[in-house]
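All values reported here derive from a predicted model rather than from experimental measurement. Starting from 1, each residue takes its place in the sequence as its number. Values below: all heavy atoms of this structure, side chains included; hydrogens, waters and symmetry mates excluded.
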Amino acid sequence: MVNPGLFSGNKSVNSVKVSFRIPYFTQWGQSLLVCGSVPVLGAWNVKRGVLLSVIHQGSELIWGGSITVPRGFQCQYSYYVVDDKKNVLRWEAGKKRELIIPEGVQSGQEIVFRDLWQAASDALPFRSAFKDVIFRESWDLNDTTVGVNHINFEPEREAVLVQFKISCPNVEKDSSIYVIGSNTKLGQWKAEKGLKLSYFGESVWKAECVMQRSDFPLRYPFWTLHHKRYEEIVVKSTYRYGKYDRSGKFSIETGSNREVSTNSSMNDVKYIFLSDGMLRETPWRGAGVAIPMFSVRSESDLGVGEFLDLKLLVDWAVASGFHLVQLLPINDTSVHGMWWDSYPYSSLSVFALHPLYLRVQALSKNIPEEIKKEMDKAKQQLDGKDVDYEATMATKLSIAKKVFAEEKDLILNSSSFQEFFLENEGWLKPYAAFCFLRDFFETSDRSQWGRFAHYSDDKLEKLVSKDSLHYEIICFHYYVQYHLHLQLSEAAEYARKKGVILKGDLPIGVDRNSVDTWVYPNLFRMNTSTGAPPDYFDKNGQNWGFPTYNWEEMSKDNYGWWRARLTQMAKYFTAYRIDHILGFFRIWELPDHAATGLVGKFRPSIPLSQEELEREGIWDFNRLSRPYIKRELLEEKFGAAWTFVATTFLNEFDKNFYEFKEDSNTEKKIASKLKTCAESSLLLESEDKLRRNLFDLSQNIVLIRDPEYPRKFYPRFNLEDTSSFQDLDDHSKNVLKRLYNDYYFCRQENLWSQNALKTLPVLLNSSDMLACGEDLGLIPSCVHPVMQELGLVGLRIQRMPNEPDLEFGIPSQYSYMTVCAPSCHDCSTLRAWWEEDEDRRLRFFKNVMESDELPPDQCVPEVAHFVIRQHFEAPSMWAIFPLQDLLALEEEYTTRPATEETINDPTNPKHYWRYRVHVSLESLIKDVELQTTIKDLVRWSGRSLPKEDSGVDASLVAALSVAEAVSVLSVAEAVSGKQKFSSTTEKPVLVK
């Protein structure tokens, strides 16, 4: 807020003119509009906002408009891009702007607010990942004197008071912000004579100075569209902002000079308030490590990584130069009561934490000796190569129940627990009731729960009533969640203080037998299943089994369920990964009777109508939408067993043409019938082979008929691969190929873009966490522009390039708004990838590492070093590495078969998620050599180091210039054995 004392000696006023000026490049048919919190600016109704007019100033479009307001006026406002009907096309990100008229402004005078558009990327430093963690010292300047330069301004004809305002989210303690420029008041580009700004909190710095119009030396004309004539503009001054650090070194911001200007028609302008956005600095870049919570190993855990192990992981991250630790989802997945629950993306509850990660030793300070002995015995038994999910869960819950019996009254009556309960009872009570019913009925399938199959608030209150016989069981679930909350909160706070971001994961779906589908069945399409079309991960598509969302129903309360999820996550995390962000544009929807992911359709999407197809000469819809099964196809697929298949699963409805029987006409029915046949020893071939071939028969279609609207159709993915398509006439083939391309790559783009712009902003505004989107797979062209518009950070995996003409991505060409990584949990590790395909390995070695030598069969540390270094040096905001890939830098950690380090196999819907790092965190913390190797890579790449370890000694700086001269070819030669690095002047760790 401007200091009222600055404007002294003025008379009271009746009205003041307020003008808005903002440069912004629009497309034809677009305009800019200002809308605010008061009626004169539309009271946040954009249709009633003030439409701005435009002038050309050089190569820029400057939008402007004015309003008249009374003395003491204040409001909030924002700018919007609208079409000719004032429909919003785009809006500013970040906080609403503040407009405050200082006291003492004379009647008839004009105040000009000169703003810059607030892009979504500009708001990222204000997310908690930066504000509360990385730049936390900058935001802890609250004890700095807050104020402005006190100037008594007597308005004169030739004088203008200019207020400079800049946002500096990354300012070290004892640093100062200055503005210097061509004007004498700005030091004539001499830093020591510049104008010092004062801190106003929230990273904002301001200062005012009075400038004389006699200092307007530069003039040039501009064309006004409104007046259709040339007017004279006077460039008042050019300037830039800069920083004095604690050592007295001055650094000026990057980019071109800024300008403050006025023109001949603005003689009444006495005040110009500049809102100059962000201090322009070299983009901040950081690095992180990714590992599932269950994969962590410590000397204290009981069979699996635990929340309190994160403190050790944070210590190792800081020692290695990392600013971020990324986890997979940590919500409870206890649906089946067996190892299938190891799948972390199939949530039982999107709010409850997983009991798997509970440290039972930390439940109480007074654990009886016999229970301690049980813990020690269990620790030895469960300390295996991989996670034994079932044994670990059973052991932890058994021990937790015994500790609960000892201290339940003490904990449940504590003020800390009561506070936790009151804050979380909205989800905690349904969760505890669901867990009780699941265990009582021995199933999570609520259709087996009798009168409790359908949720109601009244039934819930009876289930959790203190008078119920099972109330102690309900309280046990409260108790476990309370301690999980305490332990994760402790780890999260530790990470913040160490300058390390905890990054969580927001799954795209929930299990169909979950608390959420029980309590909110209207929010889900329970007769459908979620998946992904064929892509890099699986050529046959994926079927995750989750029900798709009823977005129309969710929108009725402005996506309250999603907002609650993000609010809950923000209690522990300062950043998060949006799993399968493509699902917020469109989701691959499958019928619930599908077992695979191939025969689906996008939702929402514009289908092919029957009328559209008929106009193109396509008529036989039954032929195109039902499995096309000819006798010759059966003989080709099943050989001598074709008669058994035809008799068991099919009916011959025409000569040599077949259709599936009623008990075999879906994929799940086929699987069930095959299982029955196998149990009766009726199968002549393996069950798996028969299943695959029968699924192929059922998928031999060209069009998918909409089950709800039978006159609407969807092209089957990769329809040209089917014999059904190949048997069509040429005209039908050409029409269907054209319509296929239109459906998948053209007609949906605007619809999908609009869909994402309805839902994603709600997620982003629900918390102040930094959001990253997993944008892998079949990516519509609308995705990246929308992500850029919303300030979402994307993901780049080198082996999955977005560019269709590339086999391997080029990290040096990645955009800043990305996370780059050599691998992720959904694909093989760097070591396994290197070893699994000899031809691909040779191409990578030749084309990327630029060597004509034969590559090593194994991913030796030199290869890992090259790939990891590529990613560290990428322009991406974040380089995040799976821990397994980092361990490949040291030969001693590569003794385990590479295939055993894979976390997930997306082609297997029943994959057992159980990988554990074979070395403990305590051992890694002692491994100074590995830490130094990684830390040096961070330094050389120019990425930020945690504050505790940001020093660079002179010898490293001296070696750096030499190291940078090492060519990519030299690295490849070193790997192949053609050249060895041994000199201390060359980059270390290339040869051990």
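Of the inter-residue distances, the one linking Tyr915 atom OH with Glu901 atom CD reads 4.5 Å to the nearest 0.5 angstrom. Here the CD1 atom belonging to Ile868 is positioned 12.0 Å from the CD atom belonging to Glu873, to the nearest 0.5 angstrom. Between Arg796 atom CZ and Leu776 atom CG the span is 8.0 Å, to the nearest 0.5 Å. Summarising the geometry, atom CZ belonging to Phe872 is positioned 11.0 Å from atom CH2 belonging to Trp940; distances are rounded to the nearest 0.5 Å. Here the OH-CG distance, from Tyr893 to Leu883, works out to 9.5 Å after rounding to the nearest 0.5 Å. If you take CD on Gln788 and CE on Met817, they are separated by 8.0 Å, rounding to the nearest 0.5 Å.
Proximity of a side-chain donor or acceptor of Asp579 to a complementary backbone N or O of Ile508 within less than 3.5 Å is detected. With hydrogens and angles disregarded, a donor-acceptor distance shorter than 3.5 Å links the side chain of Arg285 to the backbone of Ala874. Side-chain N or O atoms of Arg841 include none that pairs as donor or acceptor with a backbone N or O of Pro855 at under 3.5 Å. Listed for the Ser941 side chain is a donor-acceptor partner under 3.5 Å among the backbone atoms of Val938. Listed for the Thr818 side chain is no donor-acceptor partner under 3.5 Å among the backbone atoms of Cys820. Side-chain N or O atoms of Glu835 include none that pairs as donor or acceptor with a backbone N or O of Gln858 at under 3.5 Å. Of the possible polar contacts, none joining the Gln326 side chain to the Ile880 backbone as a donor-acceptor pair under 3.5 Å is found. Looking only at distances, no side-chain donor or acceptor of Trp913 sits under 3.5 Å from a matching main-chain atom of Pro344. Within the 3.5 Å criterion, the main-chain N or O of Leu930 finds a donor-acceptor partner in the side chain of Asp927. Judged purely by atom type and a 3.5 angstrom limit, Asp885 uses its side chain to pair as donor or acceptor with the backbone of Leu830.
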Exercise for the section: Please lay out, stage by stage, how Ile903 and Gln884 fare under the test side chain to side chain contact (heavy atoms under 4.5 Å, CB included). Expected result: CA-CA 10 Å; Ile903 293 169; Gln884 305 96 299; 3.4 Å; yes
Original post:
Could you walk me through whether Leu697 and Leu694 pass the side chain to side chain contact (heavy atoms under 4.5 Å, CB included) check?
Top reply: CA-CA 5 Å; Leu697 288 185; Leu694 283 166; 4.2 Å; yes
Worksheet item: Step by step, would you call Leu854 with Leu842 a side chain to side chain contact (heavy atoms under 4.5 Å, CB included)?
Response: CA-CA 7 Å; Leu854 285 176; Leu842 185 61; 4.3 Å; yes
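Side-chain contact between Gln870 and Met849 is absent, with no heavy-atom pair separated by less than 4.5 Å. Residues Cys772 and Leu795 have side chains not in contact (no heavy-atom distance under 4.5 Å, counting atoms from C-beta outward). Counting only heavy atoms from C-beta outward, the side chains of Arg840 and Arg799 never approach each other to under 4.5 Å. In this structure, Asn700 and Ser723 have side chains that are in contact, with non-hydrogen atoms separated by less than 4.5 Å. Here the side chains of Glu807 and Pro801 are not in contact, with every heavy-atom distance at 4.5 Å or above. Cys824 places none of its side-chain heavy atoms less than 4.5 Å from the side chain of Arg577. Under the 4.5 Å side-chain criterion, counting only non-hydrogen atoms from C-beta, Pro822 is not in contact with Gln798. For the pair Ile670 and Leu674, the minimum side-chain heavy-atom distance is below 4.5 Å.
The shortest heavy-atom contact between Ile330 and Phe573 is CD1-CZ, 3.5 Å. Across all non-hydrogen atoms, the minimal contact from Ser828 to Glu836 is OG-OE2, 3.4 Å. Minimum heavy-atom separation, Ile134 to His323: CD1-ND1, 3.2 Å.
Other residues, nucleotides and ligands contribute more than 12 heavy atoms inside 6.0 Å of the CD atom of Glu900. Counting non-hydrogen atoms of other residues, nucleotides and ligands closer than 6.0 Å to NZ of Lys637 gives a total above 12.
Less than 6.0 angstrom separates the ring centroid of Tyr345 from the ring centroid of His825. Taking the six-membered ring wherever Trp is involved, the centroid distance between the rings of Phe717 and Tyr744 falls below 6.0 Å.
For the side-chain hydrogen bond (donor to acceptor under 3.5 Å, both in side chains) test, residues two or more places apart in sequence or in another chain that qualify with Arg297 are Asp383. Qualifying salt bridge (charged side-chain N to carboxylate O under 4.0 Å, His left out) partners for Arg716, counting only residues two or more places apart in sequence or in other chains: none. Under the rule for a salt bridge (charged side-chain N to carboxylate O under 4.0 Å, His left out), the partners of Lys396 that lie at least two apart in sequence or sit in another chain are Glu306.
Defined by atom type and a distance below 3.5 Å, a donor-acceptor pair is missing between the side-chain atoms of Asn331 and Ser347. Under the 3.5 Å distance criterion, with hydrogens and angles disregarded, no donor-acceptor pair is assigned to the side chains of Asp341 and Thr333. In this model, a donor atom of one side chain and an acceptor atom of the other lie less than 3.5 Å apart for Thr596 and Gln699.
The ring pair (Phe, Tyr, Trp, His ring centres under 6.0 Å) test with Tyr912 singles out one residue from Trp339, Trp340, Tyr343, Tyr389, and that residue is Trp339.
Under the 4.0 Å criterion applied to side-chain N and carboxylate O atoms, Arg916 and Asp301 are assigned as salt-bridge partners.
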